[in-house]
Peer 1: 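The following block contains the structure, expressed as structure tokens.
Chain A is the first sequence line, chain B the second, and so forth, proteins listed ahead of strands; every chain is numbered from 1.
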Amino acid sequence: DAKTTQPPSMDCAEGRAANLPCNHSTISGNEYVYWYRQIHSQGPQYIIHGLKNNETNEMASLIITEDRKSSTLILPHATLRDTAVYYCIVRVAGGNQGGKLIFGQGTELSVKP
Amino acid sequence: GAVVSQHPSWVICKSGTSVKIECRSLDFQATTMFWYRQFPKQSLMLMATSNEGSKATYEQGVEKDKFLINHASLTLSTLTVTSAHPEDSSFYICSAPLSTDTQYFGPGTRLTVL
């Protein structure tokens with residue numbers, strides 16, 4: 001699976017959009033971009049994933065560049081409860097690994113009042 | 001929605017004893033589950049893949065005789081830390097894939113070995 005690079009930390013004002021970048025320059029054509037987050041002392045939570053088209057759900061939006069070498073997770077109106085470590089992971093969906101995820105260091109997002 | 005539970009949520013044990021951690025998928029079946037370990041201020045490290053009906057697959061550097069994994073049923077995997085020592089103190093997290101795209105994580109088990 002391709003490696004990812006994320007900034008170690010970011011701050012965001014409550015109510016503003018949080019834009020979390022991720023570089024994955026060695027991504028393969030069949031690898032998806034997944035985002036998870038981990039609130040302190042809890043298990044990770046799935047946020048969103050995509051292949052090449054932009055995706056949106058009730059939690060966030062995922063913007064993937066045309067060359068797929070980077071992506072941005074957008075939390076449109078960050079709240080204090082969005083304070084967490086956000087992980088960008090690239091992997092092949094399905095396959096015989098059945099869901100194996102390799103976590104990098106992630107970005108620690110602090111949402112401030 | 002789909003939920004994965006872990007039991008216990010925290011455990012304290014004496015050095016040299018064994019500790020069993022359970023991971024259950026509550027409303028879906030999982031032929032595969034994953035076990036991770038997380039030390040303070042660090043990311044999750046995949047330890048092993050638990051396979052229903054066959055042996056677990058361990059990641060490089062993880063001692064299979066120390067971390068025993070049993071996938072007893074389609075909804076239950078257990079991790080037993082044998083002869084635990086203080087350096088095994090960590091946050092252990094399991095996960096189960098609901099589909100090829102969606103994976104759910106348990107809330108984690110905090111192990112402290114005295």
Peer 1: Strictly by modelled atom types, are A/Q38 and B/Q38 linked by a side-chain donor-acceptor pair under 3.5 Å?
Peer 2: yes

Peer 1: Please check if atom NZ in A/K69 has more than 12 non-hydrogen atoms from other residues, nucleotides or ligands closer than 6.0 Å.
Peer 2: no

Peer 1: Are B/Y92 and B/Y58 grouped together when hydrophobic residues (ILVMFWY) are joined by side-chain heavy atoms under 4.5 angstrom apart?
Peer 2: yes

Peer 1: With rounding to the nearest 0.5 angstrom, report the CD1 to CD distance, A/I102 to B/E59.
Peer 2: 5.5 Å

Peer 1: Decide if the gap between the ring center of B/F105 and the ring center of A/Y46 is smaller than 6.0 angstrom.
Peer 2: no

Peer 1: Determine the minimum heavy-atom distance between B/I93 and A/G43, stating which atoms define it.
Peer 2: CG2-CA, 4.3 Å

Peer 1: Other residues, nucleotides and ligands only: do more than 12 of their heavy atoms fall within 6.0 Å of CD on A/E108?
Peer 2: no

Peer 1: Do A/Q105 and B/S43 make a side-chain contact, defined as non-hydrogen atoms from C-beta onward lying under 4.5 Å apart?
Peer 2: yes

Peer 1: Do B/M33 and B/L74 share a hydrophobic cluster (ILVMFWY, side-chain heavy atoms under 4.5 Å, transitive)?
Peer 2: no

Peer 1: B/I21 and B/L76: same hydrophobic cluster, using ILVMFWY side-chain contacts below 4.5 Å?
Peer 2: no

Peer 1: Heavy-atom distance under 4.5 Å to chain A: side chain of B/L46, backbone, both or neither?
Peer 2: side chain

Peer 1: Please step through side-chain contact (heavy atoms from CB on, under 4.5 Å) for the pair A/F103 and B/M45, ending with a clear verdict.
Peer 2: CA-CA 7 Å; A/F103 286 80; B/M45 185 195 79; over 6 Å; no

Peer 1: Is there a donor-acceptor contact under 3.5 Å from the side chain of B/Y36 to the main chain of A/L101?
Peer 2: yes

Peer 1: Which atom names give the shortest non-hydrogen contact between B/F91 and A/S41, and what distance separates them?
Peer 2: CZ-O, 3.6 Å

Peer 1: Quick check on B/Q6 against chain A: is it the side chain, the backbone, both or neither that has a heavy atom closer than 4.5 Å?
Peer 2: neither

Peer 1: Is there a path from A/L109 to A/L80 through hydrophobic residues (I, L, V, M, F, W, Y) whose side chains come within less than 4.5 Å of each other?
Peer 2: yes

Peer 1: Please say yes or no: joined through hydrophobic side-chain contacts below 4.5 Å, possibly via intermediate residues, are A/V111 and A/I74 part of one cluster?
Peer 2: no

